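The structure appears right after this line, and notes come after that.
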Amino acid sequence: MHRFPKSLSNTRFVPTQLTLSLRQLNARSSSRCHPKSDNDDNIHRREDNQGAPLHLYKSKGQHILTNPRVLDSIVRKSHIKPTDTVLEIGPGTGNLTLRLLQASRKVVAVEIDKRMVEILHKRVAEKGFEDQFTVICKDALKTEFPQFDLVVANIPYGISSPLVAKLVYGDKPFRSATLLLQKEFARRLLANPGDSEFNRLAVNVKLVADVEFVMDVSKRDFVPCPKVDSSVVIIRPKAEIPHVNLDEWLAFTRTCFCKKNKTLGATLKAKRKVLELLGLSRTTCSTESAYNEHNYDCSNNAAAAGDDDEEVDSDEVDCYSSSCSETQLSVFKDKIIGVLKSGGFEAKRPSKLCNKELLHLLALFNQAGIYFHDQSKPRARDADNIELASAFSS
């Protein structure tokens, strides 16, 4: 048992790491949860010389899924074909990896922890899957993924938002992504208009993909045990996506969902917002030809979805204010109100609107010469931009 100095005896201590043997981290059977099977023993028995202790860091999201039934269900629900290449992100010690190798032609694992990479190689070699297995020892958010057919992964909680954004807005086509996520995050991802959890995350993901709930997973099925339960979801990219400028769409949803339960009329008639949109629309109209290209390039738009609480730069608003008269401001405000009224949106709240309605409203604004994104600014060329985190953190 750890002993701490007397000065810390009355202080609550939350460990940031946990030391366990590899034997404890392998997928195990629990009489409390499910019966033990010979097959589980054959797959997961470890050699004595591999029982060395391993430090797991909760702060890095290192929670190893050890329930065989859950692992088997994830693989089964993923509908892996024998010809598939599977991308696994954050494989840890390989409990899911070994099952994926049995079901697919090839597994490409992205793991940032070199200790885990060493363990993965040893376990894969024990089962004779070396020729089917590749490890990329890099940060999943910063590395370029190779071609793959589907994703199956227990994602570290801390990178859920940017990783989902990288997948659905990235330039690598894939059939589906079966992801084990923090339960609260999964609920937000699955939310529909009218749900209390409905948010910009769901709006932006569902523009380009469908999301299906698979099952909940207890926190007791992980080592070390996290504070919250998890859920498995499947994300499937849509065969057809709306013809919309994504920079404009992401800026528009940021504006709408900044106060998702406030009416659109109240949000868009605010003087600060009118000033912002007037400035953006002036700039955009001067570069109209560039805007009309409408080139849908997912890899160039993955970074623009912003936090719900993100506000426009105050210096930019001040600049807009000093360059326009009260008359111009009033005329432009009336223009905004006119668009809202024409579509019956003035008294509606973003939290109640589906993507079809939001797309229609955005089209009405653009047709009236009102824009939400500065088209004079160059697009982000890096699909792995760190702004991905704020893009889906709402």
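When a residue number appears, it is its place in the shown sequence, counting from 1. This one's a predicted model, so the numbers in the text were calculated from it and none came from an experiment.
- Put simply, V331 and I337 are part of two different groups of oily side chains (I, L, V, M, F, W, Y) that touch within less than 4.5 Å, one to the next.
- When atom types are taken as modelled, the side chain of K183 and the backbone of S218 share no donor-acceptor pair closer than 3.5 angstrom.
- Hydrophobic clustering places F174 together with L87 (ILVMFWY residues linked when any side-chain heavy atoms are closer than 4.5 Å, directly or through intermediates).
- Between the NZ atom of K127 and the CG atom of L101 there is a distance of 11.5 Å, given to the nearest 0.5 Å.
- Between E118 and R115, no side-chain nitrogen of the basic residue sits less than 4.0 Å from a carboxylate oxygen of the acidic one, so the salt-bridge criterion is not met.
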Just do the side-chain contact (heavy atoms from CB on, under 4.5 Å) check on D216 and D229 with the steps written out, would you? CA-CA 7 Å; D216 289 325; D229 292 332; over 6 Å; no
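- Nearest heavy-atom pair across I235 and A209 is CG2-CB, 3.7 Å.
- The shortest non-hydrogen separation linking L96 to N154 is CD2-N, 4.5 Å.
- A donor-acceptor pair under 3.5 Å is formed between the side chain of D139 and the backbone N or O of L141.
- Atoms CG and OG1, from L120 and T93 in turn, are 7.5 Å apart once rounded to the nearest 0.5 Å.
- Annotation: side chain of L268 is in contact with side chain of L340 (closest heavy-atom distance under 4.5 Å).
- Cluster annotation: L150 and F133 are assigned to the same hydrophobic cluster (Ile/Leu/Val/Met/Phe/Trp/Tyr, side-chain heavy-atom contacts under 4.5 Å, transitive).
- Side chains of Q367 and L364 form a contact here, defined as non-hydrogen atoms less than 4.5 Å apart.
- By the 4.5 Å heavy-atom criterion applied to side chains, K269 and E346 are counted as neighbours.
- Residues F365 and I336 are in side-chain contact: their nearest non-hydrogen atoms beyond the backbone lie under 4.5 Å apart.
- For K106 (side chain) and T134 (main-chain N/O), no donor-acceptor pair under 3.5 Å exists by modelled atom type.
- Among all heavy-atom pairs drawn from R236 and S176, the shortest one is CG-CB, 4.0 Å.
- Without hydrogens or angle criteria, K260 side chain to F198 main chain gives a donor-acceptor distance under 3.5 Å.
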Worked check of side-chain contact (heavy atoms from CB on, under 4.5 Å) between L179 and I89: CA-CA 10 Å; L179 307 177; I89 299 162; over 6 Å; no
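- Residues S161 and F185 are in side-chain contact: their nearest non-hydrogen atoms beyond the backbone lie under 4.5 Å apart.
- Hydrophobic clustering (side-chain heavy atoms under 4.5 Å, transitive across Ile, Leu, Val, Met, Phe, Trp, Tyr) keeps Y157 apart from L56.
- Between K341 and D334, none of the side-chain N atoms (NZ, or NE/NH1/NH2) sits under 4.0 Å from a carboxylate O, so this pair counts as no salt bridge.
- To the nearest 0.5 angstrom, E212 atom CD is 9.5 Å from D210 atom CG.
- Looking only at side-chain heavy atoms (C-beta outward), F129 and L100 stay at 4.5 Å or farther from each other.
- The number of heavy atoms from other shown groups lying within 6.0 Å of NZ (K138) does not exceed 12.
- Contacts of E357 classified as side-chain contact (heavy atoms from CB on, under 4.5 Å), with partners at least two apart in sequence or in another chain: F345, K348, L353, C354.
- Side-chain atoms of Y169 do not come within 3.5 Å of backbone N or O of V208 as any donor-acceptor pair.
- The nearest pair of heavy atoms linking K166 to F145 is CE-CE1, 3.8 Å.
- Scanning all heavy atoms of the two residues, the minimum distance from N192 to K206 falls at OD1-NZ, 3.0 Å.
- Under the 4.0 Å criterion applied to side-chain N and carboxylate O atoms, D149 and R105 are not assigned as salt-bridge partners.
- Between the side chain of N67 and the main chain of L71, no donor-acceptor pair closer than 3.5 Å is present.
- Once rounded to the nearest 0.5 Å, the distance linking CG of L280 with CZ of F372 reads 9.0 Å.
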Does V203 form a side-chain contact (heavy atoms from CB on, under 4.5 Å) with W249? I'd like the steps, not just the answer. CA-CA 10 Å; V203 166; W249 166 261; 3.4 Å; yes
Decide side-chain contact (heavy atoms from CB on, under 4.5 Å) for L358 and F257; before the verdict, give the C-alpha distance in whole Å, the side-chain angles of both, and the deciding distance to 0.1 Å. CA-CA 11 Å; L358 290 168; F257 282 85; 4.0 Å; yes
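- A 4.5 Å side-chain heavy-atom check between V152 and V75 finds every atom pair outside the cut-off.
- Not a single donor-acceptor pair under 3.5 Å links the side chain of S78 to the backbone N or O of I80.
- In this structure the side chain of M116 reaches within 4.5 angstrom of the side chain of L54, judged on heavy atoms.
- Classification of E326 and K271 as a salt-bridged pair holds, one side-chain N sitting under 4.0 Å from a carboxylate O.
- Following chains of ILVMFWY side-chain contacts shorter than 4.5 Å, one can reach V244 starting from L201, so the two form part of one hydrophobic cluster.
- Closest of all the heavy-atom pairs between P350 and L264 is CG-CD2, 3.7 Å.
- A donor-acceptor pair is defined here as one N or O able to donate and one able to accept, closer than 3.5 Å; no such pair exists between the side chain of D221 and the backbone of L65.
- A side-chain donor-acceptor contact under 3.5 Å links R123 and N95.
- Atom OG of S73 and atom CE of M215 lie 4.5 Å apart (nearest 0.5 Å).
- Q147 places no side-chain N or O within 3.5 Å of a backbone atom of K172 that could act as its donor or acceptor partner.
- Remark: L189 CG to Q182 CD distance equals 12.5 Å, nearest 0.5 Å.
- Between S351 and N261, the side chains place a donor N or O and an acceptor N or O closer than 3.5 Å (distance only, hydrogens not considered).
- Counting only distance, with no hydrogens or angles, the side chain of D195 and the backbone of L190 share no donor-acceptor pair below 3.5 Å.
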